[in-house]
Amino acid sequence: MKEFRAIRGTRDILPEETWRWHIVEDSAREVFGRYGFREIRTPIFEASEVFVKGTGDTTDIVQKEMYSFEDLGGNQVTLRPEGTPPVIRAHVEHRLGQGKSIDRYYYCGPMFRYERPQKGRYRQFHQIGVEVLGVEAPEVDAEVIGMAMAWLQALGVADLTLRLNTVGDEETWAAYRTALVAAQADRLDELCADCQRRHVTNPLRVLDCKKPGCQAVIADMPSIHDSLSAEAGAHFHRVQSSLESAGVPVVVDPRMVRGLDYYRLTVFEVASGALGAQDSVLGGGRYDGLVGRMGGDDVPGVGFASGVERILLAMPESESAPITDVFVVAFDEESSGKVHDIVQGMRAAGVRALTQAYDGRSKRSQGKAAHRSGAPWQIVVGPDEIAADRYTLKRVDDGYEKTVEGGELAAIAARLTRPSNSD
RNA sequence: GUGAUCGUAGUUCAAUCGGUAGAGCACCUGACUGUGACUCAGGAAGUUGCGGGUUCAAGUCCCGUCGGUCACCCCA
């Protein structure tokens, strides 16, 4: 019979690794909670239009990476490729931003993009992201960036670099585009085929090309910082000074351009040196105008998204917690009935207890399982114990033993395994 | 979508020039220990990713396909 497999670009997150996911998620809840963010959960699929309008119909994501299909009712729907448009859709749909309200959301869950898988890139991947809606002040950009860094550092993500740039506002963009197109036009023949295409579709993206030939040309291109409008320049400087006073180290990268069309003013990215070519663990920016384009009041917004798989790749190895606190071994098959009573009694008392005394498994097999479980306590139950109704809890670490009456076994086990009192 | 590379037991790998598919670890049973670890004996585990082709004979050579990995592209 043919074996089933998880389809390309998707993976099973197995029990031996889910605990690391919990660390990342719990940490996000704790850190983001300190900043007043509350969780929002949106459906994992939406009307395709949400992304066409939200993410932008010129982006690679919308043009060639979406999992879109027609459902049985004839609706065009898409598995979400990113989190921001659905959050804004929900915010607008439920009229959550009234008057001058400031709304802080975080989300957490799977995203889908049809790309060729490689290290740190999957077709179903997981993001944890935040959005702040309703604040124009550059200090909130710095606040969100600072929070991201604090979180990643708390997780121990290795070798972090925060890169910051501004893509300006509408006025900046018009001026810069003109300057850039003019400068590129002179040396178009020196650019690669992709960049010649970008020259027409999105001249800003040429700056991101890593090909040596293009790099030489890019080095001579005007910087966006020369075209910055007064407002955009002031915003960028206030973000920088705010980050500086918060003690967050920043690398300003005048060439950094993000791939999503909706970004305005601040853009940023956090990379880890522990990763491969896909080294970005988190990215985001400001998207003033997007909420208005999606049918809401024209409130400003800023946020980021992080890739959980990439964070996990860049986090230090650590030992998993034991799967149980007390492992109970049946000395012989006749004792296994009592073993099950004991295990169930301890569970009822709130103790994590486990046995493998099933199907006549040998002591050897049970003992190995006990060892593998990492249980700090073990009990061996045989005819002697059952006859005397006295059982011995043995601490694996140092061999300490405590023998108790059957009637109080569960209660004593509960006390011994509580982290606060050791005896 | 493009390129490189790799697919043999649960896993890590071996198999000469094309000539009977093997080992360590893990797993299971038994012996020895009132558990485990150590030692000894045994066991289970494979249509060599899949489909064609060449050959007396293919894990090995050829073609195709699927999948993994890495990179381009793009992004988290």
Side-chain angles (χ1 to χ4, degrees), chain A residues 1-11 24 55 59-65 80-84 107-129 148 152 157 192-195 197-198 202 205 208-211 256-260 263 267-272 275-285 303-314 327-332 335 339 355-357 359-375 377-385 392 394 396 399 401:
Chain A
M1 190 178 24
K2 194 181 170 201
E3 232 178 77
F4 293 113
R5 312 190 48 159
I7 66 178
R8 184 162 214 200
T10 70
R11 46 189 30 207
V24 174
T55 307
T59 58
D60 278 14
I61 289 177
V62 170
Q63 285 190 345
K64 51 187 196 192
E65 296 176 3
R80 63 182 183 193
E82 62 143 341
T84 302
Y107 60 85
C108 176
M111 305 292 165
F112 305 85
R113 293 183 200 171
Y114 190 85
E115 297 184 275
R116 192 81 167 260
Q118 70 183 78
K119 188 181 179 74
R121 192 172 74 182
Y122 310 99
R123 289 183 174 176
Q124 174 175 338
F125 62 104
H126 297 78
Q127 289 191 326
I128 296 177
L152 295 173
V157 179
C192 69
D194 281 335
C195 285
R197 178 174 49 77
R198 294 187 189 113
N202 189 348
R205 296 214 57 84
D208 232 10
C209 188
K210 282 135 199 143
K211 295 202 173 66
M256 184 176 64
V257 182
R258 310 239 81 234
L260 270 42
Y263 286 123
V267 294
F268 58 93
E269 177 177 279
V270 183
S272 166
L275 269 40
Q278 311 298 323
D279 65 351
S280 170
V281 295
L282 180 149
F304 65 73
S306 69
V308 179
E309 283 86 353
R310 291 184 187 176
I311 287 173
L312 256 9
L313 281 171
F327 202 103
V328 187
V329 171
F331 183 75
D332 53 23
S335 308
V339 165
T355 182
Q356 196 179 280
D359 304 332
R361 258 164 230 254
S362 64
K363 290 193 297 284
R364 171 207 195 87
S365 173
Q366 294 184 57
K368 287 175 100 166
H371 184 72
R372 204 167 40 232
S373 77
W377 294 89
Q378 284 183 23
I379 304 174
V380 177
V381 175
D384 298 352
E385 285 84 357
T392 300
K394 179 175 177 179
V396 179
E401 293 186 347

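Note that these values count all heavy atoms, side chains included, but never hydrogens, waters or copies made by symmetry.
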Q) Would you say the side-chain atoms of A/R11 pair up with the backbone N or O of A/A6, donor to acceptor, closer than 3.5 Å? A) no
**OP:** Determine yes or no for a side-chain-to-main-chain donor-acceptor pair under 3.5 angstrom, with A/T10 supplying the side chain and A/I7 the backbone.
**Re:** yes
Base, sugar-phosphate, or nothing for [X], non-hydrogen atoms under 4.0 angstrom?
X      : answer
A/R372 : sugar-phosphate
A/V281 : sugar-phosphate
A/Y122 : base
A/G9   : sugar-phosphate
A/G382 : base
A/A370 : nothing
A/G120 : base

Does any donor-acceptor pair link the side chain of [X] with the base of [N] at a separation under 3.5 Å?
X      : N     : result
A/K394 : B/U35 : yes
A/Q118 : B/C73 : yes
A/R5   : B/G67 : no
A/R310 : B/C75 : yes
A/E65  : B/C74 : no

Residue pair [X] / [Y], side-chain heavy-atom distance below 4.5 Å:
X      : Y      : value
A/R8   : A/R116 : yes
A/R80  : A/P110 : yes
A/E385 : A/T392 : no
A/D60  : A/E65  : yes
A/F125 : A/R310 : no
A/F327 : A/H371 : no

Strand partner of [N], provided both Watson-Crick or wobble distances fall under 3.5 Å:
N     : value
B/G67 : B/C6
B/C32 : none
B/A15 : none
B/U60 : none
B/A26 : none
B/C38 : none
B/C72 : B/G1
B/A21 : none

A correct 5'-to-3' footprint of nucleotides 1-12 of chain B, with B, S and - meaning base, sugar-phosphate only and no protein heavy atom under 4.0 Å, is BBB---------
Spacing between [X] atom [atom1] and [N] atom [atom2], to the nearest angstrom:
X      : N     : atom1 : atom2 : answer
A/K363 : B/C32 : NZ    : C1'   : 10 Å
A/I379 : B/U35 : CD1   : P     : 16 Å
A/D359 : B/C27 : CG    : C1'   : 15 Å
A/R123 : B/C75 : CZ    : C1'   : 15 Å
A/D60  : B/A76 : CG    : P     : 11 Å
A/Q366 : B/C27 : CD    : C1'   : 16 Å
A/H371 : B/C27 : NE2   : P     : 10 Å
A/E385 : B/U35 : CD    : P     : 11 Å

According to a strict under-4.0 Å criterion, is [X] in side-chain N/O contact with OP1 or OP2 of [N]?
X      : N     : answer
A/S362 : B/U29 : yes
A/R8   : B/G68 : yes
A/K119 : B/U69 : no

The side chain of [X] is closest to which nucleotide in this list: [options]?
X      : options             : value
A/Q278 : B/A76, B/C27, B/C72 : B/C72
A/S365 : B/C72, B/U35, B/C28 : B/C28
A/V329 : B/C73, B/U35, B/C28 : B/U35
A/Q378 : B/U29, B/U35, B/A71 : B/U35

task: Output the distance between atom CD (A/Q378) and atom CD (A/Q366), rounded to the nearest 0.5 Å.
output: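 Interatomic distance, A/Q378 CD to A/Q366 CD, rounded to 0.5 Å: 10.5 Å.
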Quickly, which of A/V308, A/L312, A/L313, A/I311 forms a side chain to side chain contact (heavy atoms under 4.5 Å, CB included) with A/V281? Name it, please.
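Looking at A/V308, A/L312, A/L313, A/I311, the match for A/V281 under the side chain to side chain contact (heavy atoms under 4.5 Å, CB included) is A/I311.
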Pairwise [atom1] distance, [M] and [N] [rounded to whole Å]:
N     : M     : atom1 : value
B/G3  : B/C38 : P     : 50 Å
B/G19 : B/A71 : P     : 37 Å
B/G64 : B/A23 : C1'   : 33 Å
B/A31 : B/C70 : P     : 47 Å
B/U39 : B/C25 : P     : 9 Å
B/C17 : B/G10 : C1'   : 34 Å
B/G53 : B/C6  : P     : 25 Å
B/G7  : B/C75 : C1'   : 29 Å

Could you tell me whether A/K64 sits above the aromatic face of A/Y114, with NZ or CZ closer than 6.0 angstrom to the six-membered ring centre and within 45 degrees of the axis?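 Not flagged: A/K64 not positioned over aromatic ring of A/Y114.
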